[in-house]
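This is the structure, below, for whatever I ask next.
Counting starts at 1 for both ligands and their atoms, following the listed order. As the structure is a prediction and not an experimental result, all values here were calculated from the model.
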Amino acid sequence: MAAGNRTALVTGAGTGVGKAVALALLKDGYRVALAGRRKDMLEQTVKEAGANGKNTLVVPTDVGKPDQVAALFAQIKEKFGRLDTLFNNAGGNAPGVPFDELPYDKWQAVVDVNLTGMFLCAQAAFRMMKEQTPRGGRIINNGSISAHVPRPGSAPYTATKHGVTGLTKTIALDGRNFEVVCGQIDIGNAISPMTERMAQGVRQANGTMAPEARMDPSHVGDAVVFMANLPLDVNVHTMTIMASKMPFVGRG
Ligand SMILES: NC(=O)c1ccc[n+]([C@@H]2O[C@H](COP(=O)([O-])OP(=O)(O)OC[C@H]3O[C@@H](n4cnc5c(N)ncnc54)[C@H](OP(=O)(O)O)[C@@H]3O)[C@@H](O)[C@H]2O)c1
């Protein structure tokens with residue numbers, strides 16, 4: 001595939017990790033579709049990249065809504081003709097509360113975006129990659145350190161991120177016959193709106209509050225570009241990229 005013809009979709013491209021990945025893919029020469037609910041944030045990413053309307057497609061989308069995801073992929077097909085990489089990134093969290101106090105609606109809101117949204121985008125990408133010529137493509141799911149270990153009071157986030165790992169493994173298996181490849185990146189503490197509170201202090205497993213180290217999200221952008229640029233007969237199945245000094249290894 002000629003460098004300038006590679007096409008990617010980044011969900012949640014208006015902020016944090018998704019923005020850093022969209023910027024990195026655009027810098028590498030990809031044509032990038034940017035999805036998220038807030039149009040102004042997506043347009044800001046395009047502006048910061050110094051990109052133009054020829055290489056980018058901004059589509060305000062709620063990834064938890066099947067009709068909106070279908071419309072997003074129809075626009076990608078119409079404008080770019082194909083999709084080589086999906087960075088399945090849009091995600092959300094709920095305020096940490098004791099497990100027995102978690103309201104149903106908070107649980108459901110996280111499931112809607114972190115699991116249903118990831119499923120809907122992955123399924124639409126899978127279908128498009130299977131049908132297109134040349135056939136195939138790569139789906140990179142954004143998991144988390146929470147796909148491995150929980151933080152206190154994080155049932156919806158931790159459960160959905162463990163679910164993302166199941167989705168990654170299933171797509172990697174079901175995609176084999178169609179050149180559809182699937183890998184997962186598990187991030188720990190990249191600077192983003194979601195991790196603002198970590199600089200102030202977050203609850204630790206022993207109940208104390210402590211600030212945690214964070215890292216520049218541009219490193220995640222570089223990592224995703226590396227994964228995306230591999231030939232389709234090679235896959236980074238999982239990658240963990242984290243602030244070196246955050247609590248994870250060594251049980252603290
Ligand atoms: N930062 C980290 O250290 C870290 C660590 C592990 C995993 N992650 C994962 O990285 C992803 C991005 O998180 P972030 O840290 O960059 O935080 P963030 O800035 O809050 O990003 C979340 C993004 O998802 C979008 N989004 C949320 N709900 C959506 C929906 N229903 N439909 C479409 N877009 C939606 C948001 O845009 P709109 O509000 O405009 O829709 C926003 O751009 C998440 O999946 C998160 O779990 C991050």
Check your understanding: Among all protein non-hydrogen atoms, which one is nearest to atom 16 (O) of ligand 1, and what is the separation to 0.1 Å?
Key -> V17 N, 2.8 Å

Check your understanding: What do we get for D186 next to ligand 1 when only non-hydrogen atoms under 4.0 Å count, side chain, backbone, both or neither?
Key -> neither

Study note, to complete from the structure: Min over A13, G12, G91 of heavy-atom distance to atom 22 (C) of ligand 1 lands on G91

**Study point:** Test of proximity, S144 against ligand 1: N or O pairs below 3.5 Å
**Key:** no

Review point. So, R6 and D28, do they make that salt bridge, N to O below 4.0 Å?
Key: yes

Review point. For the atom pair NZ (K47) and CG (D40), what is the distance rounded to the nearest 0.5 Å?
Key: 11.5 Å

Practice item. Measure the distance from atom 32 (N) of ligand 1 to every protein heavy atom, then report the residue, atom name and distance (to 0.1 Å) of the closest one. Key: V63 N, 2.9 Å

Point to revise | Backbone or side-chain N or O of A190 under 3.5 Å from ligand 1 N or O | key: yes

Review point. Are the side chain of T61 and the backbone of V63 linked by a donor-acceptor contact shorter than 3.5 Å?
Key: no

Check your understanding: Which of the numbered atoms in ligand 1 are below 4.0 angstrom from a heavy atom of N142?
Key -> 7 (C), 9 (C), 10 (O), 11 (C)

**Study point:** Any T11 heavy atom less than 4.0 Å to ligand 1
**Key:** no

Review point. Do any nitrogen or oxygen atoms of G36 lie less than 3.5 angstrom from nitrogen or oxygen atoms of ligand 1?
Key: no

Revision key, fill the gap. Tested for salt bridge (charged side-chain N to carboxylate O under 4.0 Å, His left out) against E212, the lone hit among R203, K245, R151 is R151

Review point. Has ligand 1 got any nitrogen or oxygen that is less than 3.5 angstrom from a nitrogen or oxygen of R38?
Key: yes

Check your understanding: What part of T195, side chain from CB on, backbone N/CA/C/O, both or neither, has a heavy atom under 4.0 Å from ligand 1?
Key -> side chain

Review point. Is a donor on one side and an acceptor on the other found under 3.5 Å between the side chain of N89 and the backbone of T11?
Key: yes

Check your understanding: Taking it one step at a time, do T45 and E43 satisfy side chain to side chain contact (heavy atoms under 4.5 Å, CB included)?
Key -> CA-CA 5 Å; T45 301; E43 287 173 341; over 6 Å; no

Point to revise | Heavy atom of G143, distance to ligand 1 below 4.0 Å | key: yes

Practice item. Please examine the side chains of N114 and K161, heavy atoms only from C-beta on, and report whether any two atoms are closer than 4.5 Å. Key: yes

**Study point:** K65 to ligand 1, any heavy atom closer than 4.0 Å
**Key:** no

Check your understanding: Can a salt bridge be assigned to the pair D174 and R176 using a cut-off of 4.0 Å between side-chain N and carboxylate O?
Key -> no

Point to revise | Contact with ligand 1 for P193, non-hydrogen, under 4.0 angstrom | key: yes

